[in-house]
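Structure, as C-alpha cells:
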There are 4 protein chains.
Amino acid sequence: MSGPAPRKYNPDNKTGYEYELLAEHLAGLISSGEWIPGRRMPGERSLAEEYGVALDTVRKATRILRERGLVQTLKSKGTFVAHPD
Amino acid sequence: MSGPAPRKYNPDNKTGYEYELLAEHLAGLISSGEWIPGRRMPGERSLAEEYGVALDTVRKATRILRERGLVQTLKSKGTFVAHPD
Amino acid sequence: MSGPAPRKYNPDNKTGYEYELLAEHLAGLISSGEWIPGRRMPGERSLAEEYGVALDTVRKATRILRERGLVQTLKSKGTFVAHPD
Amino acid sequence: MSGPAPRKYNPDNKTGYEYELLAEHLAGLISSGEWIPGRRMPGERSLAEEYGVALDTVRKATRILRERGLVQTLKSKGTFVAHPD
DNA sequence: GTGGTCTAGACCACA
DNA sequence: GTGGTCTAGACCACA
C-alpha cells in the first residue's frame with residue numbers, strides 16, 4: 001500500500017492557478033523531450049479528461065504555452081510542439 | 001421471437017437519410033411528450049454518442065427540428081424544446 | 001509598396017467567418033458581371049482548392065448565395081448563376 | 001529505349017471492360033500480398049487519378065471486388081482489404 | 001464528375 | 001460545457 005507515488009500531474013501538491021500548473025506540467029513534457037517538436041498535442045477534450053480538469057483550464061494552459069512559443073496552434077488541425085529556435 | 005421489441009432508434013429499418021430519420025425520431029420524443037416544452041435536449045455530443053452517428057448528422061437533424069419550430073437553439077446554452085403555439 | 005495589389009480573396013484582411021467572406025467574394029463576382037447569369041460556377045472541389053478552404057466552407061458559402069437567390073443548384077449538375085428577377 | 005516494360009496496369013494490353021481490368025489488377029495486388037488484409041485501399045479519387053480512369057470505373061471495379069468478398073466497404077470510412085476466410 | 005451525406009475530430013466564442 | 005466553424009477526406013446517387 002506504500003510504494004512509489006505515481007509520477008503524475010497533481011494539482012493538489014502546489015499552489016497557484018490550476019491552468020498555470022497544467023501549463024507547467026505540459027511544458028515539462030516538452031522540455032523533457034517526452035513530447036518532441038512537431039508532435040501534435042492531444043486534443044483539448046482528451047487533455048481535459050486525462051487530467052480531470054475543465055475544458056477552459058486546458059485552453060488557458062494551452063494559451064500560456066502558445067505565448068511562450070512552446071506550441072503552435074493551427075485552427076481545426078491541432079496544437080503542435082514548436083521547434084526550438 | 002417473443003419478448004419486447006427493443007424501443008430504439010433503428011436507422012436500418014427505414015429509408016432516407018440518417019439525419020432525417022434521426023430528426024423524425026427526436027420529433028417523436030417531442031410529440032409524444034417524452035420531451036416536454038422548455039426542456040433542454042441532450043448536447044450534440046451526447047446525442048451523437050447515444051445514437052452512434054457523427055456530430056454533423058446530429059446537427060443536421062437539429063436544424064430540421066429548428067426549421068419546423070419544434071426546438072429553439074440558444075448558442076452556448078443548448079437546444080430547447082419549443083412551447084407549442 | 002507600389003505595384004498592383006493582388007486581386008485576390010484574402011480572408012485575413014477581414015473579420016467574420018470564412019464562409020461569409022467567401023460568399024461575399026463570390027457574390028461580388030456575380031454582381032460585377034464577372035460571372036454572368038446562366039454560367040456554371042466552378043465545382044465545389046475546385047473552389048475549395050482555389051481558395052484554400054475546406055469543402056464544407058465552400059458549401060456553406062454556396063448555401064448563402066442560394067438563400068439570397070444569387071445562384072441555383074441542380075443536383076449532380078452544378079451550381080449556376082441565377083438570372084436576375 | 002527498349003528494356004523492360006514497366007510493371008504497371010495497362011488497359012491497352014487487354015480486351016474487356018476497363019472496370020473489369022482494373023478489378024483484376026487490384027485483385028492481383030491483394031492476392032499477391034501487396035495489399036494486406038485490413039489495409040485501407042486508396043480513396044476512389046486517388047485511384048481514379050493514379051490509374052487515369054473515371055471515378056465510375058473505379059467504383060465499378062470496387063463493386064466487383066466487394067462482390068467477390070475481397071474487400072469490404074464501410075461508408076464514409078473507406079474500403080478495406082478483407083481478411084481471408 | 002457533380003453536389004450530397006457522413007465520419008472523425010480539431011479549436012473557438014460565449015456563457 | 002454548449003453550439004459553431006473548420007479541416008480532411010471517405011463513399012454514394014445521379015446525370
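Letters A, B, ... mirror the listed sequences (proteins, then strands); counts begin at 1. Hydrogens, waters and symmetry mates play no part in the numbers below; they use all other heavy atoms, side chains included. Keep in mind that this is a model prediction, so the values were computed, not measured.
For the pair D:Lys77 NZ and E:dG9 C1', the interatomic distance rounds to 13 Å; values are reported in whole Å. For C:Lys60 and F:dC6, the NZ to P distance is 6 Å, given to the nearest whole Å. With rounding to whole Å, B:Phe80 atom CZ is found 11 Å from E:dA15 atom C1'.
Across the strands present, F:dC14 finds its partner in E:dG1; the criterion is a Watson-Crick or G-U wobble pair with both atom distances under 3.5 angstrom. E:dG9: Watson-Crick or G-U partner is F:dC6, with both key distances under 3.5 Å.
With hydrogens and angles ignored, no donor-acceptor pair closer than 3.5 Å exists between the side chain of C:Arg40 and the base of E:dT2. In this model, a side-chain donor or acceptor of D:Arg59 finds a partner on the base of E:dG1 within 3.5 Å.
Side-chain atoms of A:Ser76 lie closest to F:dT7 of the nucleotides E:dG3, F:dT7, E:dT7. Picking from F:dT5, F:dC12, E:dT7 the nucleotide with the shortest atom distance to the side chain of B:Thr57 gives E:dT7. The side chain of B:Leu55 lies closest to E:dG9, out of E:dG9, E:dC12, E:dG3. The side chain of B:Arg45 lies closest to F:dT2 when the candidates are E:dT7, F:dT2, E:dT2. Side-chain proximity of C:Ala54 to E:dC6, F:dC6, E:dG3: nearest is F:dC6.
An OP1 or OP2 oxygen of E:dG4 is reached within less than 4.0 angstrom by no side-chain nitrogen or oxygen of B:Tyr17. Between B:Tyr19 and the phosphate of E:dC6, there is no side-chain N or O to OP1/OP2 separation shorter than 4.0 Å. A sub-4.0 Å separation between OP1 or OP2 of E:dC11 and a side-chain N or O of A:Thr62 is absent.
No side-chain donor from either of B:Thr62 and B:Thr79 sits under 3.5 Å from a side-chain acceptor of the other.
Taking 4.0 Å as the cut-off between side-chain N and carboxylate O, C:Glu18 and C:Arg59 do not count as a salt-bridged pair.
For CZ of A:Arg63, the number of neighbouring non-hydrogen atoms (other residues, nucleotides, ligands) closer than 6.0 Å is 12 at most. More than 12 heavy atoms of other shown residues, nucleotides or ligands fall within 6.0 angstrom of atom CD in C:Glu50.
Counting all heavy atoms, side chain and backbone alike, D:Leu26 lies closest to D:Met41 at CD1-CE, 4.3 Å.
Between D:Asp56 and D:Lys75, it is D:Asp56 whose nearest contact on DNA chain E lies nearer the 5' terminus.
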